[in-house]
**Q** 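The structure's right below; bear with me while I get my questions together.
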Amino acid sequence: MGASALPALLVAAVLLLMAAAATAITVEDSAPDNIQPLSTLNLAAAQVAMDPGSAIHASPDVLGKDGEDSAWVAVNFTTPSPSSDHWIGLFSPADFSSGIGSARVAGEGDAPAGLPVAPIKYKLGNCEPDFLRTGGGNTSFLLINQRSDYAFGLFSGGKDKPKLLAISNKISFANPKAPVFPRLSQGKQWNEMAVTWTSGYNIGEAYPFVEWRMKGEETSKRTPAGTLTFTRGHLCGNPARGQGYRDPGYIHTAFLKDLWPNREYSYQIGHELQDGTVAWGKSATFRASPYPGQASLQRIVIFGDMGLGAKDGSSELQGFQPGAQVTTDRLVKDLPNYDAVFHIGDLSYANGFLAQWDQFTAQIEPIASKLPYMVASGNHERTYMDTGGFYNGNDSHGECGVPAETYFYVPAAAHRGKFWYAADYGMFRFCVGDTEHDWRPGSEQHAFLDACFAGADRKHQPWLVFLAHRPLGYSSNDFYAQEGSFAEPMGRALQPLWQRHRVDLAVYGHVHNYERTCPVYENTCTVKGKDRQSSYAGAMGGTIHVVAGTGGAKLRSYAGGAWPQWSVARNESFGYVKLTASDHASMRFEFIHSDDGAVHDAFTITRDYKDIMACAVDSCAPHTLAN
């Protein structure tokens, strides 16, 4: 069987597997706009066809001389017979061509013949306007420090039959092992901040630590960090185990404890080498979380389904996650106006091409290094066949949760393989679910969520929020409407918990549009009247459900026909939710567009403590004098 026939057979096999999975998974992942662009390169058919008339050169060849963790590289390329099938790929390590055409590459048992490793990113040759006329061009790539050297390859033959014509000079960072891309998250206690970062230093080479101090203090302290990594053997299938695999380096996490509420701290990541010298990373500042129940200005951003942007126009990612860079840029610009982020699943959309996890941590670093960047698990992080999840698709493309659970710390109740947790931020309590594991009554997660909701002291933490990736409540997205469920099948098994614990708000991703419901219970709005869509006073009697999978992945439409009576606001735009509270009596909700920063949907809740405790349908225990 020829190598060119393999991709079609693989696609057919994947489609058969997806057809056996849940309809929501099938519809989403079979859509052409949901294909990872790197997977469209037929790497197994790659050949070496070095052409003395073709050349490619990159400059500068040494990056990060002043400690930078990213840099622009100019690439000049030329070939005597230009065509629309030429493309430029960025590879790391730089000796990528040594295994082309071999049956196996030493130590890489799952890497097929052809090109043994996927490029980190690529551009088509005709990105240069005059390339087809002159055969030459100049372009720029944005490189980040990913612990190894780089080289560019110039290919002909398009995506289906790539032929390597020329290889550039090698490019490297001055210290490829340097600590990079710090990301904060709240620890298991409200007054604890976890600092996670990536480096090329094993614990045998250098000791990782965070040096930090409270603003106004003269002396700093050092807190040691733990070190984790993963290998090809931790992953569950291809492309993550094969051509998409890349050594993840080492991921370090330190816990800064006993923080003072609302105080500002500075910190710097570093590694103490065996000779006593220190390899430093960037320094940054953050503000510690407020005490649970404390009344102060508190602002939380929530969204799902962002993915990877492309400042340099590479990898054709504009069609894969066209809003990712727009949302990131808006959040960076608006950084002074919010205090924490919850990214509720479908983080990088690496889909088995692991180098993109580094790219993603670099993308969010201006945000995540300065405030808690909390994450949830989505289908593109976790779902893989026969790995103990709730679904049996292949949405993670072999990752089965391993990169997400290693690159990001969350205060999980047990461990990060069970990605559910509680987070207190002042007057807010967030209970974060993991929709890739069973949530139904009798499950471990159901018991956790029951306890998490019950643990909120509502006189001091009036705002109780449920977060999860897949919509377990209400959504009029087209594929849910086709199922007749208007939610993830069996999702509303949590509805008795939401009602009994008087959960105010449930926010989901997964569906790539924005939708808000009225306060609803059992398909019925518990607050009547169109005039009640922008403000709610007193007891609500139900939970407001919001879909906000609008972080950057390509948007989806809604079901046709009349709106369900519980659907009160829709918006097919990139954006994010923002919650604002400054006292115990009122909370403001906003949906903000990423492109212009304008508010396109909003409401307020105003009430007293007695309104939270008031009995509604099924919210108080039956057969009591109160009910």
Side-chain angles (χ1 to χ4, degrees), residues 7 10-11 14 29 33-46 87-93 96 99 105 108 110-112 114-123 141-144 146-148 150 152-153 155 159 162 181 198 230-232 234-249 251 305-310 312-321 324 346-364 378-384 393-408 552-554:
L10 287 172
V11 170
V14 170
D29 273 14
D33 56 34
N34 203 42
I35 295 174
Q36 158 63 261
L38 291 173
S39 69
T40 66
L41 298 172
N42 185 6
L43 305 178
W87 56 276
I88 305 109
L90 171 65
F91 292 85
S92 180
F96 68 95
V105 179
E108 298 184 357
D110 286 314
L115 194 60
V117 61
I120 290 176
K121 54 176 73 175
Y122 68 93
K123 288 185 181 183
F141 282 80
L142 180 61
L143 274 62
I144 65 169
Q146 288 185 264
R147 305 169 302 281
S148 191
Y150 294 89
F152 291 90
F155 289 81
K159 298 179 181 181
F181 315 131
T198 309
F230 59 89
T231 65
R232 200 185 297 269
H234 286 90
L235 302 163
C236 297
N238 290 331
R241 286 177 66 108
Q243 290 162 326
Y245 180 78
R246 190 177 191 278
D247 189 320
I251 294 91
D305 305 73
M306 176 186 275
L308 188 62
D312 56 11
S314 62
S315 302
E316 302 174 327
L317 283 174
Q318 296 92 333
F320 187 40
Q321 295 120 15
D346 285 6
L347 310 178
S348 72
Y349 282 93
N351 284 10
F353 293 90
L354 303 189
Q356 297 209 341
W357 280 103
D358 285 312
Q359 300 282 326
F360 181 72
T361 59
Q363 174 178 303
I364 64 168
N379 53 308
H380 286 280
E381 282 77 55
R382 176 62 180 83
T383 298
Y384 192 77
N394 185 21
D395 298 1
S396 75
H397 298 272
E399 293 185 12
C400 56
V402 174
E405 293 162 14
T406 309
Y407 276 103
F408 287 90
K554 191 165 183 176

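Quick caveat: nothing in here was measured; it's all calculated off a predicted structure. Along the sequence shown, the residues carry numbers beginning at 1.
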**Q** Ignoring hydrogens and geometry, is there a side-chain-to-backbone donor-acceptor pair from His380 to Ser396 under 3.5 Å?
**A** no

**Q** Between Asp358 and Arg147, does any side-chain N to carboxylate O distance fall below 4.0 Å?
**A** yes

**Q** With no hydrogens and no angle check, is any side-chain donor or acceptor of Gln321 less than 3.5 Å from a backbone partner on Leu308?
**A** yes

**Q** Please check if the side chain of Glu381 supplies one atom and the backbone of Gly401 the other of a donor-acceptor pair under 3.5 Å.
**A** no

**Q** Under the salt bridge (charged side-chain N to carboxylate O under 4.0 Å, His left out) test, which residues partner Arg246, sequence neighbours left out?
**A** none

**Q** Take Tyr407 and Val402 through the test side-chain contact (heavy atoms from CB on, under 4.5 Å) and record every step on the way to the result.
**A** CA-CA 9 Å; Tyr407 276 103; Val402 174; over 6 Å; no

**Q** Please name the pair of heavy atoms, one in Tyr245 and one in Ala240, separated by the smallest distance, quoted to 0.1 Å.
**A** CB-O, 3.1 Å

**Q** Mind listing the closest non-hydrogen atom pair of Ala324 and Met306 along with its distance?
**A** CB-O, 3.4 Å

**Q** Tell me if a side-chain donor or acceptor on Glu399 pairs with a main-chain N or O of Leu235 at a distance below 3.5 Å.
**A** no

**Q** Has Gln36 got a side-chain atom pairing as donor or acceptor with Leu38's backbone, closer than 3.5 angstrom?
**A** yes

**Q** Do Leu354 and Pro403 make a side-chain contact, defined as non-hydrogen atoms from C-beta onward lying under 4.5 Å apart?
**A** yes

**Q** Are Cys400 and Arg382 close enough that some pair of their side-chain heavy atoms sits under 4.5 Å apart?
**A** yes

**Q** Could you state the interatomic distance from CZ (Phe353) to CD (Gln356), rounded to the nearest 0.5 Å?
**A** 8.0 Å

**Q** Find the distance between CG (Asp247) and CZ (Arg232) and round it off to the nearest 0.5 Å.
**A** 9.5 Å

**Q** Could you check if a side-chain atom of Tyr122 sits within less than 4.5 angstrom of a side-chain atom of Leu90, using non-hydrogen atoms only?
**A** no

**Q** How about Phe141 and Tyr150: are their ring centroids closer than 6.0 Å?
**A** no

**Q** Can you see which heavy atom on Phe91 is nearest to which on Gly153, and at what distance?
**A** CD1-N, 4.4 Å

**Q** Roughly how far, to the nearest 0.5 Å, is NZ of Lys159 from CG of Leu41?
**A** 6.5 Å

**Q** Determine whether Phe408 and Leu347 make a side-chain contact, defined as any pair of heavy atoms from C-beta on separated by less than 4.5 Å.
**A** yes

**Q** Run Phe181 and Ile144 through side-chain contact (heavy atoms from CB on, under 4.5 Å) and show every step you take.
**A** CA-CA 10 Å; Phe181 315 131; Ile144 65 169; 3.9 Å; yes

**Q** With the side chain counted from C-beta on, respond yes when Asn379 and Asp346 share a heavy-atom pair under 4.5 Å apart, and no when they do not.
**A** yes

**Q** Could you check if a side-chain atom of Pro119 sits within less than 4.5 angstrom of a side-chain atom of Phe152, using non-hydrogen atoms only?
**A** no

**Q** Whether the Tyr349 and Asp305 side chains hold a donor-acceptor pair (N or O, under 3.5 Å, no angle test) is what I'd like checked.
**A** yes

**Q** How long is the span from the OG atom in Ser314 to the CD atom in Gln359, to the nearest 0.5 Å?
**A** 7.5 Å

**Q** Quick check against the 3.5 Å criterion: does Asn238 have a side-chain atom that pairs as donor or acceptor with the backbone of Gly242?
**A** yes

**Q** Going through the distances and angles, do Tyr384 and Asp395 end up as a side-chain contact (heavy atoms from CB on, under 4.5 Å)?
**A** CA-CA 6 Å; Tyr384 192 77; Asp395 298 1; over 6 Å; no

**Q** If you take all heavy atoms of Thr383 and Gly393, which pair is closest and at what distance?
**A** CG2-N, 3.5 Å

**Q** Look at Asp312 together with Lys121 and state whether they make a salt bridge at an N to O cut-off of under 4.0 Å.
**A** yes

**Q** Restricting to non-hydrogen atoms, name the atom on Thr406 and the atom on Ile251 that form the minimum distance, rounded to 0.1 Å.
**A** O-CG2, 3.2 Å

**Q** Using the side-chain contact (heavy atoms from CB on, under 4.5 Å) rule, take Phe230 and Glu405 through it: C-alpha gap first, then chi angles, then the decisive distance, then the call.
**A** CA-CA 10 Å; Phe230 59 89; Glu405 293 162 14; over 6 Å; no

**Q** Any chance you could measure Asn351, atom CG, to Ile35, atom CD1, to the nearest 0.5 Å?
**A** 10.5 Å

